[in-house]
Amino acid sequence: MKVTPRHVGRISREKRTVSAMIRLYCRHHHSAGAEGCSCNALERYAHARLDRCPHGEGKPSCRRCTIHCYSPSMRRLMQEVMRWSGPRMVWRHPLMALRHLWDDTRR
Ligand SMILES: [Zn+2]
C-alpha cells in the first residue's frame, strides 16, 4: 500500500477549509456588515485554536478530537456553519470537501 504523508500541513489545510466554509456560510446568511454576523470573529478564533492545537500537525480532525478546545458559544456557531456548508462544499471545493468528509467520517 502506498503511504502518503497525511499529517503534513494538516493545520494549514484545516485553516483553508474552515475559512472557505465560513465564507460560504456568510455569503448566504449575512449581507456585508449584517447585524449578528460574527463570521470574522469565528474565523479568527478557529485559526487561533488551530495554531494552539496541542496535537500539532498530527492532529485528528477537530470533530473527532478528544480535546474540546472551543468555547460553547463558538462551538455552536461552528457546528451551524459546518452543517450548512459541509454538503455545499462538495460542489465548490470538491477536493477540500472530500478530505474533510474523509477526516470526519472515519471512526
Ligand atoms: Zn457572516
Side-chain angles (χ1 to χ4, degrees):
M1 227 171 92
K2 206 168 89 178
V3 176
T4 43
R6 292 175 33 80
H7 292 159
V8 174
R10 189 113 198 209
I11 299 274
S12 55
R13 204 169 83 203
E14 286 226 17
K15 278 185 187 170
R16 276 202 311 272
T17 308
V18 119
S19 293
M21 286 176 120
I22 292 172
R23 270 197 303 274
L24 192 61
Y25 178 88
C26 191
R27 260 207 308 276
H28 284 79
H29 290 80
H30 312 130
S31 47
E35 223 176 304
C37 174
S38 43
C39 300
N40 282 334
L42 180 62
E43 185 181 6
R44 273 199 307 276
Y45 184 82
H47 284 205
R49 296 323 309 176
L50 280 167
D51 280 335
R52 280 175 209 135
C53 180
H55 295 299
E57 294 289 352
K59 76 185 286 306
S61 150
C62 285
R63 203 173 291 187
R64 296 193 311 136
C65 190
T66 49
I67 305 170
H68 294 298
C69 66
Y70 276 46
S71 71
S73 61
M74 284 301 188
R75 197 173 154 77
R76 259 197 309 280
L77 273 177
M78 188 52 92
Q79 276 171 344
E80 201 186 322
V81 168
M82 294 279 168
R83 210 176 304 134
W84 191 87
S85 290
R88 287 159 181 86
M89 285 285 288
V90 176
W91 306 108
R92 309 240 173 184
H93 305 280
L95 274 179
M96 239 188 233
L98 279 177
R99 274 180 177 150
H100 189 74
L101 286 176
W102 170 251
D103 287 345
D104 264 359
T105 52
R106 222 171 19 119
R107 280 172 195 273

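Just so you know, ligand 1 is whichever comes first in the structure, and atom 1 is the first atom listed for that ligand.
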With distance as the sole test, does Glu57 use its side chain to make a donor-acceptor pair with the main-chain N or O of Ile11 at under 3.5 Å?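 Between the backbone of Ile11 and the side chain of Glu57 there is a qualifying donor-acceptor contact (under 3.5 Å).
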Check: Met78 main-chain N/O paired with Tyr70 side-chain donor or acceptor under 3.5 Å: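 It does not hold such a pair.
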Met82 and Tyr25: side-chain contact (heavy atoms from CB on, under 4.5 Å), yes or no, with the steps? CA-CA 9 Å; Met82 294 279 168; Tyr25 178 88; over 6 Å; no
How are the rings of Trp84 and His28 set relative to one another: parallel (under 30°), tilted (30 to 60°) or perpendicular (over 60°)?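 The arrangement is tilted - the two ring planes meet at 30° to 60°.
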Among Ser71, Ser73, Ser38, which residue meets the side chain to side chain contact (heavy atoms under 4.5 Å, CB included) test with Tyr45?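 Only one option passes, and that is Ser71.
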Restricting to distances shorter than 2.8 Å, give the number of protein N, O or S atoms close to the Zn ion (ligand 1).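 Atoms of protein N, O or S type lying less than 2.8 Å from the Zn ion (ligand 1) total 4.
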Please tabulate, for the side chains in residues 48-56, all donor-acceptor contacts under 3.5 angstrom to protein atoms that are two or more places apart in sequence or on a different chain.
unit_1	atom_1	unit_2	atom_2	d
Asp51	OD1	Lys15	NZ	2.7

